[in-house]
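Values reported hereafter were calculated over all heavy atoms of this structure, with side chains retained and with hydrogens, waters and symmetry mates removed.
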Amino acid sequence: QVQLVESGGGLVQAGDSPRLSCVASGRTFSEIVMGWFRQVPGKEREFVAAITWSGHKIENEAYGEGRFPVSRDNVKNTTYLQMNRLLPEDTAVYYCAARSNPIVPGPAYQFPYWGQGTQVTVVS
């Protein structure tokens, strides 16, 4: 089992660049791929990014190149999602997720472990 706790998010201004954090526990951090998804009401959960223990990453560039870079601190068992130049259409609930290797770009059912989600609301 893996427990995931997200933090960050909230109400932000368009153009801001906040960062989300996710702390993992319950399993050796080196064994798991960490991922981020987002969801708006009425739509499926969408893949944003994922990263392995060694730093290999996949980022969904449909949102714009370099807009949602993912990183992780293996000492702190924490993964981060940097959100750059946010737009109102980035408003969503953002979820941290985890799975065993190998890394995959979603879909959501490929990740068995989930955090509670954190709301990000972007206002112009």
Worksheet item: Hey, quick one: are Leu4 and Ile51 part of the same hydrophobic cluster, counting side-chain heavy atoms closer than 4.5 Å, chains of contacts allowed?
Response: yes
Item to complete: Please name the pair of heavy atoms, one in Val93 and one in Gly117, separated by the smallest distance, quoted to 0.1 Å.
Response: CG1-CA, 3.9 Å
Practice prompt. Identify, with sequence neighbours excluded, every residue that meets side chain to side chain donor-acceptor pair (under 3.5 Å) alongside Thr52.
Written response: Ser54
Worksheet item: Any chain of hydrophobic side-chain contacts (each under 4.5 Å) joining Val122 to Val48?
Response: yes
Practice prompt. Please assess Thr121 against Gln119 for the test side chain to side chain donor-acceptor pair (under 3.5 Å), listing each intermediate value before the final yes or no.
Written response: CA-CA 6 Å; Thr121 302; Gln119 176 72 45; 3.3 Å; yes
Worksheet item: Charged N to carboxylate O below 4.0 Å: is that the case for Arg85 and Asp16?
Response: no
Practice prompt. Check the pair His56, Ile103 against side-chain contact (heavy atoms from CB on, under 4.5 Å), reporting the backbone distance first and the verdict last.
Written response: CA-CA 8 Å; His56 176 57; Ile103 189 171; 3.5 Å; yes
Item to complete: Considering non-hydrogen atoms only, spot the tightest contact between Gly66 and Asn84 and give its length.
Response: O-ND2, 3.1 Å
Discussion item. Minimum heavy-atom separation for Ile58 and Val104, please, with both atom names.
Written reply: CD1-C, 4.1 Å
Item to complete: Indicate yes or no: at least one non-hydrogen side-chain atom of Arg45 is less than 4.5 angstrom from one of Arg38.
Response: no
Worksheet item: Can you name the nearest heavy-atom pair linking Ala14 to Ser124, along with the distance?
Response: CB-CA, 4.1 Å
Discussion item. Let me check something: do Val33 and Trp36 share a hydrophobic cluster, defined by ILVMFWY side-chain heavy atoms less than 4.5 Å apart, either directly or through other members?
Written reply: no
Fill in: Separation of Leu81 CG from Glu6 CD (nearest 0.5 Å)
10.5 Å
Practice prompt. Report the C-alpha distance between Glu46 and Asn60 in whole Å, list the side-chain angles of each, state the deciding distance to 0.1 Å, and finish with yes or no for side-chain contact (heavy atoms from CB on, under 4.5 Å).
Written response: CA-CA 9 Å; Glu46 298 177 337; Asn60 188 347; 5.7 Å; no
Practice prompt. For Lys57 and Val70, indicate whether the former's side chain and the latter's backbone hold a donor-acceptor pair under 3.5 Å.
Written response: yes
Worksheet entry | Connected-component partners of Val123 among ILVMFWY, side-chain separation under 4.5 Å | Leu11
Worksheet, complete the sentence: When rounded to the nearest 0.5 Å, the distance separating CD of Glu59 from CD of Glu65 is 9.5 Å
Response to the item:
The side-chain contact (heavy atoms from CB on, under 4.5 Å) partners of Glu44 (sequence neighbours excluded) come to none
Fill in: Pairwise disulfide (SG to SG under 2.5 Å) hits with a residue in residues 13-114, at least two apart
Cys22-Cys96
Discussion item. Tell me if the CD atom of Gln1 is crowded by more than 12 foreign heavy atoms within 6.0 Å.
Written reply: no
Worksheet item: Atom CG in Asn77, atom OG1 in Thr28: separation rounded to 0.5 Å?
Response: 9.0 Å
Worksheet item: For Gly9 and Val120, which heavy atoms make the closest approach, and how far apart are they?
Response: CA-CG2, 3.7 Å
Practice prompt. Quick one: closest heavy-atom pair of Leu86 and Arg67, and the distance?
Written response: CA-NH1, 3.9 Å
Worksheet item: Is Arg99 close to Gln110 at the side-chain level, that is, under 4.5 Å between some pair of heavy atoms?
Response: yes
Worksheet entry | Trace of the side-chain contact (heavy atoms from CB on, under 4.5 Å) decision for Leu20 with Thr118 | CA-CA 9 Å; Leu20 302 180; Thr118 184; 4.0 Å; yes
Practice prompt. Flag the pair Ile32 / Val2 as yes when at least one side-chain heavy-atom distance between them is below 4.5 Å, and no otherwise.
Written response: yes
Discussion item. Between Ser71 and Gln82, is there a side-chain heavy-atom distance shorter than 4.5 Å?
Written reply: no
Worksheet item: Knowing that exactly one of Thr78, Asn74, Thr79 qualifies, which makes a side chain to side chain contact (heavy atoms under 4.5 Å, CB included) with Lys76?
Response: Thr78
Discussion item. Per the ring pair (Phe, Tyr, Trp, His ring centres under 6.0 Å) rule, what does the pair list look like for residues 101-124, sequence neighbours excluded?
Written reply: Phe37-Phe111, Phe37-Trp114
Item to complete: Scan for ring pair (Phe, Tyr, Trp, His ring centres under 6.0 Å) pairs involving residues 66-107, sequence neighbours excluded, and state none if there are none.
Response: Tyr63-Phe68
